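Here is the structure we will look at.
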Amino acid sequence: MTTLLRPFSREHTTPEVSQPPAPHWVVLGLGNPGKKYAPTRHNVGYLCVDELLAPRHASLSAVPGVPALATSIALDGQPCLAARSTTYMNSSGEAAAALLRQHALPPEQLIVVHDELDLPAGVVRIKLAGNENGHNGLKSITEHLGTRDYIRVRIGVGRPPAGTSVPDWVLSPMMPDASGAMPNIQLASEAVTLIVSGGVAAAQNTVHAR
């Protein structure tokens, strides 16, 4: 007796690939791409995203059509998109606007992590909306979003000493603390998680007391 073979069917052989849940938040770290900028004050936003990824053993990958690297993570059970802009700082808004559009999220669900000259090194502050304080990355984001109503996690880098220009200061390396860690990167990552889990006001109460 001849046995009839069933035709090959891809639907019976290809396992289903689960998709990550749609993010409730976009966490965007600001900085400049390239190895020479990696340890600089201007790149603390990048370093904060790295801090969020490390315990989750997650890594960033390119986002098609968007000038960003990103990955899905959960922060206190909340699905988030952790991302780095891949443009230079002055064009950070391109990534911010594209990621929000891609996931149909409002500006209020964007957390931008950046360096802040007006805060001493070692200080982290959380801010909703308000002026950009001369920060070109924030200016670009405000321009592309058409609003200032997004959340900022500000990592203090201090003002340059006399005789040092602002560009030279923010593009120079930070010095690690006694433990070898960059100052306040861990606290900034905690701030992001607190915002996601309990909102801006509750996160401010905790972080600003540190």
Side-chain angles (χ1 to χ4, degrees), residues 22-53 60-73 75 78-119 124-157 165-171 184-185 188-189 191-192 195-196 200 203:
H24 296 172
W25 298 87
V26 170
V27 181
L28 181 64
L30 301 191
N32 287 311
K35 289 184 179 180
K36 72 175 182 177
Y37 296 112
T40 64
R41 293 175 175 86
H42 230 15
N43 275 41
V44 291
Y46 276 16
L47 295 176
C48 180
V49 169
D50 291 346
E51 183 75 18
L52 290 168
L53 299 184
L60 301 171
S61 57
V63 181
V66 178
L69 301 173
T71 191
S72 297
I73 61 172
L75 298 177
Q78 294 286 321
C80 300
L81 189 76
R84 283 182 171 198
S85 53
T86 56
T87 62
Y88 287 101
M89 180 67 81
N90 292 6
S91 300
S92 300
E94 296 176 16
L99 291 171
L100 290 182
R101 280 196 306 269
Q102 190 175 76
H103 297 284
L105 291 172
E108 294 84 357
Q109 301 301 110
L110 171 66
I111 302 171
V112 178
V113 188
H114 65 92
D115 59 310
E116 180 58 69
L117 288 166
D118 290 334
L119 292 174
V124 172
R125 291 290 181 265
I126 299 164
K127 180 179 178 181
L128 172 60
N131 292 331
E132 297 82 11
N133 294 338
H135 194 289
N136 288 330
L138 297 182
K139 288 180 181 179
S140 176
I141 291 172
T142 297
E143 178 183 356
H144 279 79
L145 297 184
T147 181
R148 289 172 165 159
D149 293 337
Y150 53 92
I151 302 166
R152 304 95 184 267
V153 173
R154 307 157 68 211
I155 303 176
V157 297
S165 69
V166 168
D168 285 344
W169 179 248
V170 297
L171 295 178
N184 291 315
I185 301 302
S189 70
V192 171
I195 293 167
V196 167
V200 170

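Excluded from the calculations below are hydrogen atoms, water molecules and symmetry mates; all remaining heavy atoms, backbone and side chain alike, are included. Remember, predicted model here, so these are calculated numbers, not experimental data.
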Donor-acceptor check, side chain of N43 to backbone of G31, threshold 3.5 angstrom: yes or no?
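Between the backbone of G31 and the side chain of N43 there is no qualifying donor-acceptor contact (under 3.5 Å).
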
- request: Using atom types as modelled and distance alone, determine if a side-chain donor or acceptor of R152 lies under 3.5 Å from a backbone N or O of G130.
  value: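 It does hold such a pair.
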
Side-chain contact test, heavy atoms from C-beta onward, threshold under 4.5 Å: evaluate it for [X] versus [Y] and give yes or no.
X	Y	value
R148	N131	yes
W25	L75	no
W169	R41	yes
V113	V49	no
V196	C80	yes
L117	N133	no

Specify the closest pair of heavy atoms between [X] and [Y], including all atoms of both residues, with the distance to one decimal.
X	Y	result
L99	A68	CD1-CB, 4.2 Å
A191	V153	CB-CG1, 4.2 Å
P23	L81	CB-N, 3.8 Å
T87	Y46	O-OH, 4.2 Å
A70	V63	CB-CG2, 3.6 Å
D149	L128	C-CD1, 4.4 Å

Item to complete: Would you please name every residue forming a side chain to side chain donor-acceptor pair (under 3.5 Å) with T40, sequence neighbours left out?
Response: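 With neighbours one apart ignored, the set is empty.
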
Working to the nearest 0.5 Å, report the span between [atom1] of [X] and [atom2] of [Y].
X	Y	atom1	atom2	answer
I126	I195	CD1	CD1	4.0 Å
S189	I155	OG	CD1	9.0 Å
C48	R84	SG	CZ	11.0 Å

query: Pairs in or reaching into residues 134-146: which pass side-chain hydrogen bond (donor to acceptor under 3.5 Å, both in side chains), with residues at least two apart or in two chains?
result: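 Passing the test, one end in residues 134-146: D115-H135, E132-T142, T142-Y150.
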
Check your understanding: Can you pull the side-chain hydrogen bond (donor to acceptor under 3.5 Å, both in side chains) pairs that have at least one residue in residues 92-110, sequence neighbours excluded?
Key ->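 For residues 92-110: none.
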
query: Does a salt bridge link D118 with R154, judged by any charged N lying under 4.0 Å from a carboxylate O?
result: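 Looking at R154 together with D118, the answer is no, because their closest N to O distance does not fall below 4.0 Å.
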
### Message
Given L110, which partner from the list I151, I141, V27 fulfils the side-chain contact (heavy atoms from CB on, under 4.5 Å) test?
### Response
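Exactly one candidate clears the test, I141.
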
